Protein chains: 2
Amino acid sequence: MAQLRREDVLAGALDLVDAEGLDALTMRKLAASLHVQAGALYWHFDCKRALVDAMAERLAAGVGGPVATGGGTWDEQLTELAVRLRKALLAHRDGARVVTETACAAGGANTLLVGRTSTELLITAGFPPEQATWLTFALIHYVLGQTMGEQARAEFAARGGPGTAQAATASEEEGNEAYRRLRASAQSADPDEQFAYALSVFLDGIKHRLP
Amino acid sequence: MAQLRREDVLAGALDLVDAEGLDALTMRKLAASLHVQAGALYWHFDCKRALVDAMAERLAAGVGGPVATGGGTWDEQLTELAVRLRKALLAHRDGARVVTETACAAGGANTLLVGRTSTELLITAGFPPEQATWLTFALIHYVLGQTMGEQARAEFAARGGPGTAQAATASEEEGNEAYRRLRASAQSADPDEQFAYALSVFLDGIKHRLP
DNA sequence: ACCTGAACACCGTTCAAGT
DNA sequence: ACCTGAACACCGTTCAAGT
């Protein structure tokens, strides 16, 4: 076995998360999968957090790149950007959680680039810089939240989590049960369709607000 | 010291999170703060996850309640609902994380009620049930994401996290640095204003999509 | 019914010492 | 430069035994 490169650690971490989920990502398990002792990983990464940050950067690679392939309008390009981000998050198990944990506070070059590209599109469209960044944040947070919820449901289904707190009073529970069914049926629909719909609604709002 | 009630454990957990953040919430620390052994907590809660679920339920209490206080229009009521949710999340440190970890997959009676109320408002407004639930999800995910980002930044500032992955090439870093400044200045503005703006834009989109 | 004491099977991280 | 071995200071969870 050749010497371990930082690159190999990153790839091993992604593989482990894909195979067992983010909660199973452990420095010790990762080390074992790379046939190395746990301490060895700290030569390549300062701490676990730095490793997860690097994973987020890897996931976001390319997403913020140029969008003007077909010379579409700015709102088509913004839609394309959101769809690319979502696709990137879905490419790996728990991908949205990986990016959210890191991007909300710090954010590396690739995750920053996504926000930057969106903001530039909105400024070009005519928004003041401040509003452009606000709408960018809203858009990215929506994509992250929606996709995280989707993946969380997948994890929940895969494992079968513990019960849901406790029961409420009978009357409340009755109405909520009806809503639960409605929600479940709505979610059995194509998640991509759901995402595309809400995204287009938000973009409609942005278009109508254009100064 | 009287006997420990489930209620006391919940209150102690909320206090601990407020004082030290969600990452510091540990069954052992919580037990110590209640002057009890760690194992004792498992009499009141099946596992840590169940405790956090109960915390989320507590945070969401009342948010989904009736909104028609002033007889406003449906979109005013929906705005009020979103504002109430946000306020509830901000009432406790890491509140958005607490609710997100639990609500994305399972969801207790109170968290369900928020979605139910929103969906009913949109159905009353004229949306088909399926679209009403989709827009509800989008709205809630936006509120959760935006607030979580805000609180994550607060945590980051309070502690000073580890560095941001690694440097990119000089040209990339230059443009991103400019964006980073823009973003920072936009975020130094009032978060409530930022939230209200993006929320009204999304609601504009919803109004224009009304069948 | 409610809690203690003590254990089990893990964690992330550090660091001398090896090669 | 890169890794091992072994430790340190923690975790969540379980469970006999006490009261």
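Note that the structure is a prediction, hence the values are computed from the model and not measured. Per chain, numbering begins at 1; letters A, B, ... match sequence-line order.
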Gap in Å between the two P atoms, one belonging to dA9(C) and one to dA9(D), rounded: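 Their P atoms lie roughly 22 Å apart.
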Interatomic distance, [X] [atom1] vs [N] [atom2] [rounded to whole Å]:
{"X": "Leu34(A)", "N": "dC2(D)", "atom1": "CG", "atom2": "P", "answer": "15 Å"}
{"X": "Gln3(A)", "N": "dC3(D)", "atom1": "CD", "atom2": "C1'", "answer": "9 Å"}
{"X": "Arg6(B)", "N": "dC3(C)", "atom1": "CZ", "atom2": "P", "answer": "14 Å"}
{"X": "Leu4(A)", "N": "dT4(D)", "atom1": "CG", "atom2": "C1'", "answer": "14 Å"}

- Is there a salt bridge (charged side-chain N to carboxylate O under 4.0 Å, His left out) between Glu155(B) and Arg93(B) once you walk through the steps? CA-CA 9 Å; Glu155(B) 292 298 313; Arg93(B) 188 167 166 181; 2.8 Å; yes
Is it true that Glu7(B) and Arg58(B) make a salt bridge, defined as a side-chain N closer than 4.0 Å to a carboxylate O?
yes
*Is Glu150(B) paired with Arg86(B) through a side-chain N to carboxylate O contact shorter than 4.0 Å?*
yes
| Trp74(A) vs Phe127(A) aromatic rings, parallel, tilted or perpendicular, using cut-offs 30° and 60°? | perpendicular
- Tell me yes or no: between the side chains of Thr119(A) and Thr133(A), is some donor less than 3.5 Å from an acceptor? no
message: When you measure from the side chain of Lys87(B) to the backbone of Ala82(B), do you find a donor-acceptor pair of N or O atoms at a distance under 3.5 Å?
response: no
Kindly say whether Ala96(B) contributes a backbone atom to a donor-acceptor pair with the side chain of Gln151(B) at under 3.5 angstrom?
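Here the side-chain-to-backbone pair exists.
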TODO: Report yes if some heavy atom in the side chain of Met148(B) is under 4.5 Å from a heavy atom in the side chain of Val99(B); otherwise report no.
DONE: no
Heavy-atom contacts, protein to nucleotides 5-19 of chain D, under 4.0 Å, summarised as B (base), S (sugar-phosphate only) or - (none) per nt, yield S-B---BBBB-----
Which helical stems does DNA chain D take part in, if a stem means at least 3 consecutive Watson-Crick or G-U pairs with both distances below 3.5 Å?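 Stems (3+ consecutive pairs) listed as C:4-8 with D:12-16, C:12-16 with D:4-8.
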Q.
On the nucleotide dA1(C), are OP1 or OP2 found under 4.0 Å from the side-chain N or O atoms that His44(B) carries?
A. no
Would you say dC2(C) has OP1 or OP2 under 4.0 Å from some side-chain N or O of Trp43(B)?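 True: Trp43(B) side-chain N/O within range (under 4.0 Å) of dC2(C) OP1/OP2.
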